[in-house]
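Protein chains get the first letters and strands the later ones, always in sequence-line order, with residue 1 at the start of each. In what follows, every heavy atom counts, from backbone to side chain, and hydrogens, waters and symmetry copies are set aside.
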Protein chains: 2
Amino acid sequence: MDTQRGVPRTHARATEPGATGRAGARDVPTATVARLPGYLRVLNGLTADGVVTTSSEELAAGAGVTSAQLRKDLSFLGSYGRRGVGYDVLHLSEQISVVLGLTTQRRVVIVGIGNLGHALASYSVFAERGFAVVGLVDADPALVGTTVGGLMVQPPASLHDVVSGADATIGIIATPAAVAQDVCDELVAAGVVGILTFAPRALRVPAHVDLRAVDVASELQILAFHDRRRTGTGA
Amino acid sequence: MDTQRGVPRTHARATEPGATGRAGARDVPTATVARLPGYLRVLNGLTADGVVTTSSEELAAGAGVTSAQLRKDLSFLGSYGRRGVGYDVLHLSEQISVVLGLTTQRRVVIVGIGNLGHALASYSVFAERGFAVVGLVDADPALVGTTVGGLMVQPPASLHDVVSGADATIGIIATPAAVAQDVCDELVAAGVVGILTFAPRALRVPAHVDLRAVDVASELQILAFHDRRRTGTGA
DNA sequence: TAGATTGTTAATCGATTAACAATC
DNA sequence: TAGATTGTTAATCGATTAACAATC
């Protein structure tokens with residue numbers, strides 16, 4: 001009840017279909033991939049603090065996992081530590097970035113500029129972590145043409161052009177649930193290979209597209225399950 | 001790469017410490033608990049469509065899981081279906097609500113009313129799914145005293161009173177990462193038993209408090225991992 | 001009865017944990 | 001060398017899948 005958790009997935013295992021294949025990056029378990037961003041975050045913080053070397057113990061504590069878990073996770077990437085010494089913060093950070101594919105900036109399009117989409121479009125953390133929001137789309141005529149986070153909101157009919165024109169590979173869906181599947185299909189048709197949806201509804205995507213879903217109301221309902229056990233109400 | 005996933009957790013198993021214990025609700029695996037909100041969502045949709053009876057096949061398809069998975073999950077709650085017939089939509093919906101502890105309305109306080117907090121404070125889906133936002137707190141003097149989603153924003157010094165005064169059991173953290181742990185500690189001291197954080201930082205909570213973390217930038221980084229394999233860039 | 005569909009069992013699979021040999 | 005810490009192995013644990021007997 002007290003540990004931080006990453007994100008689960010019924011994900012296909014992360015095998016390496018790539019041509020030559022970078023050493024070490026092959027066949028990383030999905031559970032490990034989901035924790036890598038957390039490690040990277042801690043490493044970046046250490047770098048900002050001027051820390052040059054770290055240990056599995058320190059890194060794990062910062063990320064909220066055990067040192068055994070951390071070493072096991074890193075072992076799937078390769079051997080980037082030195083026994084008896086620890087890990088070079090900058091080098092490990094770079095290796096994880098390479099494995100996650102963050103050495104190239106990914107371009108993101110957000111569909112649905114309501115309260116949530118608006119917040120995401122203005123979210124500075126995206127830029128800090130290597131993503132560029134390159135397009136905004138909304139169906140509300142009152143919203144189309146306005147500027148949010150420095151970008152002009154485009155109409156739904158422009159979705160394909162916005163995605164392909166900016167060469168976006170990731171789409172974020174922040175629309176009402178009712179239209180989420182249609183938007184999803186259009187994003188896929190336009191060429192995105194990854195989708196992050198906030199719409200409370202199951203979406204279908206082809207096998208070559210990666211889908212991740214965040215449902216904040218479901219998160220609260222999961223909290224309610226444990227809440228009930230502590231406050232005694234609810235049954 | 002194509003399935004919907006719930007939320008992973010390094011969660012303690014959901015054992016039943018409650019006194020008498022409702023039949024069936026004991027010892028539900030965390031992976032199952034995380035999928036229950038999805039089933040509930042589909043059941044509510046079926047109810048709205050006037051559907052009276054459903055099958056594991058139909059329900060699973062709507063939730064994006066296999067029928068085997070669904071039946072296995074429901075088996076932890078009890079036997080609420082009829083062989084050869086299926087499930088009564090209303091009855092099953094009610095049983096899941098009881099297990100999740102949704103028969104009592106939970107009160108939620110949101111700390112950090114920036115872009116994201118603002119969006120969450122105005123998020124109608126919370127009310128639809130049985131949660132009441134009863135307090136808003138922010139450190140920005142320019143924001144304190146303003147009204148968002150019908151509630152007046154309170155200063156940080158009022159956090160404890162806002163939580164205990166409204167008897168809130170769940171806290172949502174939408175503050176900058178730098179202050180997230182302090183806010184978390186204050187929420188716990190004020191008596192919440194569940195915390196949902198959007199701050200990109202690992203948080204520590206005592207064993208009796210349940211913590212769930214949503215990190216949208218990490219979600220994008222996980223998508224980038226697969227993106228790299230398809231677009232070939234990034235290594 | 002015959003057909004349908006659940007609930008459960010058993011097998012498989014993947015993830016976590018702990019311990020320690022390797023080695024800096 | 002002695003102490004420290006990694007990387008790996010093996011054991012455990014939990015979750016998923018498939019098949020089917022129970023039963024409506």
Going by purine N1 to pyrimidine N3 plus the second Watson-Crick contact, or the G-U wobble pair, all under 3.5 Å, which nucleotide sits opposite dA22(D)?
dT5(C)

Taking NZ, NE, NH1 and NH2 as the nitrogens, is one of them in D215(B) or R129(A) under 4.0 Å from a carboxylate oxygen of the other?
yes

How many whole angstroms separate atom CD of Q69(A) from atom P of dA18(C)?
11 Å

Indicate for each nucleotide in nucleotides 2-8 of chain C, in 5' to 3' sequence, whether protein heavy atoms under 4.0 Å reach the base (B), only the sugar-phosphate (S), or nothing (-).
--BBBBB

Please state whether the phosphate of dA15(C), meaning OP1 or OP2, lies under 4.0 angstrom from any side-chain nitrogen or oxygen of T30(A).
yes

Supply the atom-to-atom distance I170(B) CD1 to R106(B) CZ, rounded to the nearest 0.5 angstrom.
7.0 Å

Closest heavy-atom contact between S67(A) and E57(A)?
OG-OE1, 3.4 Å

Using 0.5 Å steps for rounding, measure from the OH atom of Y87(B) to the CG atom of L70(B).
5.5 Å

Between P on dC24(C) and CG on D88(A), what's the gap in Å once rounded to a whole number?
16 Å

Provide the Watson-Crick or G-U wobble partner of dA15(C), both distances under 3.5 Å; none if there is no partner.
dT12(D)

Can any side-chain N or O of S97(A) pair as donor or acceptor with the backbone N or O of S93(A) at less than 3.5 Å?
yes

Interatomic distance, L70(A) CG vs dT17(C) P [rounded to whole Å]
13 Å

What verdict does the side-chain hydrogen bond (donor to acceptor under 3.5 Å, both in side chains) test give for D73(B) and Y39(B), after you've listed the backbone C-alpha separation in whole Å, the side-chain angles of each residue and the deciding distance to 0.1 Å?
CA-CA 10 Å; D73(B) 282 337; Y39(B) 301 155; 2.6 Å; yes

